[in-house]
Amino acid sequence: MRRPLRSIFAIACVLACAACNEHRFGFFPGTESDGGTFDPSTESETVGPTTTISPTTISPTLQPTITSDTETTVTSVTTVDPTVTVTTSVPSECGEIVLPPVVPITQVDSLQAKGDDFSLSCGGVGGTDLEVVWTAPVTGRFQFDTIGSNFDSLLAVLDGVCSGAELACDDDSGGNLTSKVEVDLVVGQTVTLVIDSFGQSAAEVVYSITQVQLPDECPDGVFEPTVPLTIDGQTAGAANFRSGSCNGFESPEIEALWTAPFDGQFVFEVIEADFDPVLYLLDSSCQGGELACNDDSNGLFPAISMFLFAGQPVVVVVDGVGGQAGKFFLSIHEG
């Protein structure tokens, strides 16, 4: 008998729900101008690429925690309604198939003698299902599909092992009654791929996991040419296109264009973060040369002091160490 499902989708999806696809990466308008604290479980407003951001004043009190299991984000991927539900108990056979943490990977299994354990948000009631556990080897966007199978399949990705929130669900997007979804994950994040059938089936299942190359949409934001300026942001879910000379080789990064309002010495620094950040400046544009790079100037937090002329543009890049990503506060002020 099919087990009933219960809703556990969480709106605050930053640290605990590392793969929740409702939170976007980027820079966000500050919401702590009243001197409140930085709560990493609180959702921020999305700011898309090349969005102008006004300055705020923030007094954060967050104590940093180094972690790689941070929130992932998403752009134009398959997501589900906030009323998504999952099973109330883990099926006994779930977790028996565990794939190695590599991409690309293609596997062939069978629905023969499998049960009917999951009802998915996109269908599959009364169908035979197969569960596969896999861990992301890097931070990025991944495609899960049943392309190559010869039966009417449905496919869902659950956060964690067998009983987490449904991150994505699809029926027939892969063509020829096969399914396909894309999900943003962070390095070390474990998910469960649920392959369901339209009705009972003993068919052979062909399924694949591949990494999707994201476009380099740089910069992610444009800051107002003013000081002091404090902006909060999120790197989890962004792509890893560049790195600084001092670090940032394995982590996703986001960038913002800022122009000096007058001649002077300016300080760029990450003042709070829930991961180990790296900071570097590029000359004029995302394709410009590196002006400076810093890692761990103030504990885990980087800082750069540089003289700039009035009207001189720089691209501020917030990156991470060793695949880490997360939320942060960035400050620009006179030195």
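Small disclaimer: the values here were computed from a predicted structure and weren't measured. The residues of the chain are indexed from 1 along the displayed sequence.
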Item checked: Aromatic contact, Phe151 with Phe198 (centres under 6.0 Å) -> no
Notebook entry, point to check: Does atom CG of Asp283 have more than 12 heavy-atom neighbours, drawn from other residues, nucleotides or ligands, at distances under 6.0 Å?
Noted result: yes
Item checked: Residue pair Val267 / Ile304, side-chain heavy-atom distance below 4.5 Å -> no
Notebook entry, point to check: Between Glu269 and Ser331, is any side-chain donor less than 3.5 angstrom from a side-chain acceptor?
Noted result: no
Margin query: Check Arg242 with Glu255, please: is the shortest side-chain N to carboxylate O separation under 4.0 Å?
Written below: yes
Next item on the list: Could you tell me whether the side chain of Asp152 and the main chain of Thr178 form a donor-acceptor pair under 3.5 Å?
Entry: no
Check: Would you call the rings of Phe262 and Phe266 parallel, tilted or perpendicular if under 30° counts as parallel and over 60° as perpendicular?
Finding: tilted
Note to self: Using side-chain heavy atoms (C-beta onward) and a distance below 4.5 Å, is Ser305 in contact with Gln265?
What the structure shows: yes
Notebook entry, point to check: Any side-chain donor paired with an acceptor under 3.5 Å for Gln189 and Asp159?
Noted result: yes
Margin query: Main chain of Pro100, side chain of Trp134: is a donor-acceptor contact present, judged purely on distance under 3.5 Å?
Written below: yes
Checklist line | Shortest non-hydrogen contact from Phe309 toward Ala260 | finding: O-CB, 3.3 Å
Next item on the list: Kindly say whether Pro302 contributes a backbone atom to a donor-acceptor pair with the side chain of Ser297 at under 3.5 angstrom?
Entry: no
Check: Would you say the side-chain atoms of Asn294 and Tyr280 include a donor-acceptor pair closer than 3.5 Å?
Finding: no
Notebook entry, point to check: Do other residues, nucleotides or ligands put more than 12 heavy atoms under 6.0 Å from the CG atom of Asn150?
Noted result: no
Next item on the list: Answer yes or no: is there a donor N or O on one side and an acceptor on the other, between the side chain of Ser149 and the main chain of Val206, under 3.5 Å?
Entry: yes
Notebook entry, point to check: Where the side chain of Trp258 meets the backbone of Glu224, is there a donor-acceptor pair that is under 3.5 Å apart?
Noted result: yes
Check: Do Asp109 and Tyr207 meet the criterion of a side-chain donor-acceptor pair at a distance under 3.5 Å?
Finding: yes
Checklist line | Taking every non-hydrogen atom, the tightest pair across Pro101 and Pro137 | finding: O-CB, 3.0 Å
Margin query: Could you report the tightest heavy-atom contact between Thr106 and Ser208, atom names first, then the distance?
Written below: OG1-OG, 2.9 Å
Margin query: Under a 3.5 Å threshold, yes or no: a donor from one side chain and an acceptor from the other, between Thr135 and Thr190?
Written below: yes
Next item on the list: Taking all heavy atoms of Ser197 and all of Leu111, pick out the closest pair and write down the distance.
Entry: CB-CD1, 4.0 Å
Next item on the list: Applying side chain to side chain contact (heavy atoms under 4.5 Å, CB included) between Lys180 and each of Thr146, Asp172, Asp145, Leu155, report the one that passes.
Entry: Asp145
Item checked: Flag for Glu290-Ser245: side-chain donor and acceptor within less than 3.5 Å -> yes
Check: Of the non-hydrogen atoms in Cys169 and Ala156, which two are nearest, and what is the gap between them?
Finding: SG-CB, 4.0 Å
